[in-house]
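First listed ligand is number 1; within each ligand, the first listed atom is number 1.
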Amino acid sequence: MTESVSALLEELRSCVGAQHVLTHDDPATDLSAWEEDWRKRSHGRALAVVRPGSTEEVAAVVATCARLQAATGVSIVPQGGNTSMVVGAVPDASGQQIVLNLQRMNKILALDAGNSTLTAQAGCVLQTLQDAARAAGFLFPLSLAAEGSCTVGGNLGTNAGGTQVVRYGNTRELCLGLEVVTPQGQVWNGLSGLRKDNTGYDLRNLLIGAEGTLGVITAATMKLVPLPAAQLTAWTAVPSMEHAVALLGLAHKTLGAGLTGFEVMGQYALSLVARHMPASRVPLYEATPWCVLLEVSDHESEAHARAQFERLLEAGMEQGCITDGVVAESLAQAQALWQIRENLPMAQAMEGLNIKHDISIPISRIPEFVATTDAALAHALPGIRMVDFGHLGDGNLHYNVQAPEGADAAAFLRANETTVNTIVFESVTRFGGSISAEHGIGSLKVDKLPGYKSPVALDMMRAIKRALDPTNLMNPGRVVRV
Ligand code: FAD
Ligand code: 2HG
Ligand code: ZN
């Protein structure tokens with residue numbers, strides 16, 4: 001270790017306390033939880049894992065790294081719960097990056113009932129925000145399967161979507177203000193709870209979805225909505241993707257703003273839950289290519305919600321969109337149905353390494369996209385297994401690929417990942433879609449993005465990155481290369 005790197009580590013210890021700077025110097029310390037992504041697509045090596053306890057400590061760490069960057073080559077990878085789908089929050093193999101993990105900054109700072117807002121530190125786990133909101137009679141409507149471990153800072157960093165976007169929008173739509181440490185180590189306090197503020201460039205929305213490349217989010221003010229009087233869940237069998245799209249139109253028409261969830265799940269994807277998680281009893285999937293999970297939220301009463309739902313299901317059956325269906329009779333039943341949906345990513349991981357796509361397509365074009373892209377993939381790589389599911393209500397599909405049964409998945413990915421990505425992304429482009437709807441770019445798609453995004457937009461992105469982070473200190477090599 002060079003003298004300047006030792007000096008850097010010493011300064012970082014004085015910023016946050018020696019016990020919060022973890023390094024490989026102590027052979028007993030295992031850093032893999034911070035160095036490896038959960039999908040095991042990458043295992044890097046950190047110079048140190050630094051765990052600040054306050055905004056001031058984050059600012060001191062960033063300022064120190066900025067000052068010593070030229071001498072040490074250090075850069076910073078912000079990290080929350082490390083649940084990124086795109087290798088966005090782990091260090092590379094250089095041994096020169098520090099992981100700045102915000103999990104110690106996990107406090108709810110304020111709940112303003114009159115303004116329907118909640119302010120939390122960035123390392124607060126999403127479920128903690130949901131629970132705090134509920135305890136005060138509100139709903140914090142960001143919901144995703146990683147909610148027990150992902151943090152609001154990571155949700156903002158990726159502009160996460162999840163299962164309630166059809167009604168409440170992505171994380172960006174739920175955020176009113178941010179506190180941010182800039183790449184120079186300055187603190188910008190933008191924690192306003194204002195719903196309107198037109199005083200220049202929208203810095204909040206620029207930082208959201210920047211994947212840690214423009215600064216470190218240290219706290220956020222988030223919107224709350226009234227807790228519905230009732231929420232009901234239905235699980236339906238649908239005969240085709242065309243019918244699933246028609247059912248979505250019907251659901252919007254019948255339920256209006258009451259439609260809060262519309263998730264589609266393919267038969268093979270559901271079979272993986274049945275295979276790997278036999279305790280979850282997956283309904284209806286064996287006899288149908290697609291199932292759709294619907295949720296209605298009602299501000300009047302459960303009886304009103306049930307009547308609306310019954311009207312929708314009857315119309316769906318009459319029009320041939322639904323061939324079978326169940327409405328959960330209790331909260332426990334509803335939770336069990338949602339659990340099946342939320343278990344899909346884990347069931348797919350249990351089946352082995354895989355290629356994930358997180359795409360969006362205009363909803364009306366999804367059936368044709370799936371038919372033509374399925375055919376192109378099957379032609380190029382016979383035997384591959386399609387693990388399709390996603391947020392159909394938002395036009396967002398997880399159009400995932402598993403190696404053929406019995407194949408060595410790692411070898412399959414090495415040989416074919418580029419082919420698979422090219423077929424899918426070319427098709428997405430032909431259908432007017434996006435190669436990332438909610439997971440972001442991270443490392444996995446950084447070299448793909450230039451092929452599918454306008455050069456003008458990429459130039460503007462690079463200009464922003466260079467202006468805010470001229471020395472490329474923050475999460476280099478993610479989102480856009482400069
Ligand atoms: P991390 O993984 O730690 O970081 C994610 C990115 O944000 C990285 O680029 C990181 O550098 C940056 N970042 C983290 N904290 C900060 C900060 N304080 N300031 C600035 N940048 C920061 N995503 C969806 O959109 N929808 C889903 O439905 C969904 N479901 C998931 C289900 C499972 C089982 C899993 C494992 C993941 C899922 N994800 C989903 C992916 C993931 O994006 C989300 O889990 C979450 O938004 C990431 O939060 P995190 O705290 O783990 O962030
Ligand atoms: C979800 O919707 C997540 O469950 C993960 O976005 C998607 O595992 C996936 O591909
Ligand atoms: Zn998703």
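- The aromatic ring centroids of Phe389 and Tyr399 lie 6.0 Å or more from each other.
- What you find for Leu100 and Val62 is that their closest heavy atoms are CD2-CG2, 4.4 Å.
- Remark: ligand 1 atoms within the under-4.0 Å shell around heavy atoms of Gly215 are 20 (C).
- Remark: aromatic rings of Phe425 and His357 are close, center separation under 6.0 Å.
- Closest approach of Thr213 and Asp469 over heavy atoms only: O-OD2, 3.7 Å.
- At a 4.0 Å cut-off, at least one heavy atom of His439 sits close enough to ligand 1 to count as contact.
- When only non-hydrogen protein atoms are considered, atom 43 (O) of ligand 1 lies nearest to Thr158 OG1, 3.6 Å.
- Here Asn475 has side-chain heavy atoms under 4.0 Å from ligand 1, and that is the only part of it that gets that close.
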task = Evaluate the criterion side-chain contact (heavy atoms from CB on, under 4.5 Å) for residue pair Arg104 and Gln121; output intermediate values, then yes/no.
result = CA-CA 9 Å; Arg104 285 182 61 228; Gln121 287 183 309; over 6 Å; no
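- Of all atoms in ligand 1, numbered sequentially from 1 with element shown, those under 4.0 Å from a heavy atom of Ala145 are 32 (C), 34 (C).
- In terms of distance to the Zn ion (ligand 3), the nearest N, O or S atom of Glu438 is named OE2.
- Ligand 1 lies within reach of Gly161, whose nearest heavy atom is under 4.0 Å from it.
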